[in-house]
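Naming: A, B, ... by sequence-line order, numbering from 1 per chain. Below, each value reflects all heavy atoms present in this structure, side chains not excepted, and no hydrogens, waters or symmetry copies.
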There are 2 protein chains.
Amino acid sequence: MQDTKERIVSLADQLIKSRGYNAFSYKDISDPLEIKNAAIHYHFPTKTDLGMAVIDVEMQHFMAGTGKLAAQPEDKQLKFLFDTFSKKHKEGLVCLMGSLSPDYDTLPEPLQDKISGLSAAILEWTTGCLERGREKGLFRFEGEASDRALLVISNLLASLLLSRVMGSKVFGRITHQLLRDLGAGK
Amino acid sequence: MQDTKERIVSLADQLIKSRGYNAFSYKDISDPLEIKNAAIHYHFPTKTDLGMAVIDVEMQHFMAGTGKLAAQPEDKQLKFLFDTFSKKHKEGLVCLMGSLSPDYDTLPEPLQDKISGLSAAILEWTTGCLERGREKGLFRFEGEASDRALLVISNLLASLLLSRVMGSKVFGRITHQLLRDLGAGK
DNA sequence: TTGTATACTTACTTACAAGTAAGTAATTTT
DNA sequence: AAAATTACTTACTTGTAAGTAAGTATACAA
């Protein structure tokens, strides 16, 4: 039954994005799934193994999602990124990197490396999207595309975090301003 | 000896900003200060009390710092905000809100309220700064000053988080782009 | 039909975080 | 000089997180 394994990863993913890596335990997973904590250790011997699996799945989803859109115009592609974050916002979650980066120094090295890998992939993709979009006249902005991509990611990440602290309207205010700065939808 | 009490808060502040609220324990404070954990409980009966004290001190520092600059031109005032974050960046720390917001939902309500209060104060101050600065021609940007202030705070917060994950150069790249977007120093 | 792999459970161990109760030494107040 | 307050320590308790060793039920394979 691959089913249990997938449910464990899925719940762990949600827990990381809602409460943070250091604030959830195997009990938070075993209780709702009505299994014993040892069942989780059977699939994922250590919490690090589970964390790795969560990031692997996130990476796979990202690759699959962007892969499907590769032929679309860049403004549509960028919308995919914004929609991904918008969905998390509606669920009251933050993004993986937003959740894991404050705890980064407390995480085991293999986990750190996976997180860095994921962030590099997202930055690379966003950079390419903005770069090509600007050439086509879909976006208008100054400076290096990679710097602008960093700004976009930085804002999306923080908008989810700040929504929690400052109220949910913050997400829309930040993303709206962000899109305006890119000269998108113009 | 008020000294011990202050050292406890100061260390707790550093621990929150380096490892996160849920990832530090009283032992991380009692060991370096060479006191017993009960000594911390004497000053701060619960971890929540300690967390509250950390935020209180942060708020006091913010009020004192901005208060001193009230007569200065707005671009200098904004520089104070950037310098505050730059200092944290050099120390490898993130800001309080960056550290506490992912764990927000796991925190006791009084702590949540204090964090929200602090964030509101920072947003209010930044909004005023940008607003008056734009009127004087020190800044140039579109949209509501409060939305732009949100963007500034969002980027500063995220730049510290992302520096950990993506490498320390990220901080400078984000802040540089941010200042350019405000038409500052021009 | 016996054996082996899979997916668990039962029942632990170890470690440590958070908090408390009672005691003590030094200072300060009356 | 006695009493009270301050700032701790000693020595706990309770709870929980992470992990493990050994056993069991089921399926499927040789």
A:Arg19 has an atom CZ; how far is it from atom P of D:dT16, in whole Å? 14 Å
Whether the B:Ser30 and B:Asn37 side chains hold a donor-acceptor pair (N or O, under 3.5 Å, no angle test) is what I'd like checked. no
Whole-Å distance separating the NZ atom of A:Lys47 from the P atom of C:dC16: 16 Å
Could you pull out the protein-nucleic contacts involving nucleotides 22-27 of chain D (nitrogen or oxygen on both sides, under 3.5 Å)?
none

Rounded to whole angstroms, how far apart are CZ on B:Phe44 and C1' on C:dA17? 18 Å
Where along residues 31-41 of chain B does a heavy atom fall under 4.0 Å from DNA chain C? B:Asn37, B:Ala38, B:His41
Using a 3.5 Å cut-off and no angle test, enumerate the donor-acceptor pairs between side-chain atoms of residues 65-72 of chain A and protein atoms at least two apart in sequence or in another chain.
| unit_1 | atom_1 | unit_2 | atom_2 | d |
| --- | --- | --- | --- | --- |
| A:Thr66 | OG1 | A:Phe62 | O | 2.9 |
| A:Thr66 | OG1 | A:Met63 | O | 3.2 |

How close or far is atom P of C:dA7 from atom CD of A:Glu6, stated in whole angstroms? 12 Å
Atom-to-atom span, CG of A:Asn22 to P of D:dT16 - whole angstrom: 18 Å
Which whole-number value in Å describes the distance from B:His43 NE2 to D:dC8 C1'? 7 Å
Return the minimal non-hydrogen interatomic distance between B:Arg19 and B:Ala23, and the atom names on each side. O-CB, 3.3 Å
For residues 121-128 of chain A, dump all side-chain donor-acceptor pairs below 3.5 Å to protein atoms at least two apart in sequence or in another chain.
| unit_1 | atom_1 | unit_2 | atom_2 | d |
| --- | --- | --- | --- | --- |
| A:Thr126 | OG1 | A:Ile122 | O | 2.7 |
| A:Thr127 | OG1 | A:Leu123 | O | 2.7 |

I'd like to know if the side chain of A:Ser101 and the backbone of A:Tyr104 have a donor-acceptor N/O pair within less than 3.5 Å. no
When you measure from the side chain of A:Ser159 to the backbone of A:Leu156, do you find a donor-acceptor pair of N or O atoms at a distance under 3.5 Å? yes
What nucleotide among C:dA17, D:dC8, C:dC8 has an atom nearest to a side-chain atom of A:Tyr42? C:dC8
For A:Glu109, give me all partners under side-chain contact (heavy atoms from CB on, under 4.5 Å), at least two apart in sequence or on another chain. A:Gln112, A:Asp113
Taken in chain and number order and not counting sequence neighbours, the residues that satisfy salt bridge (Lys or Arg N to Asp or Glu O under 4.0 Å) with B:Glu131 are none
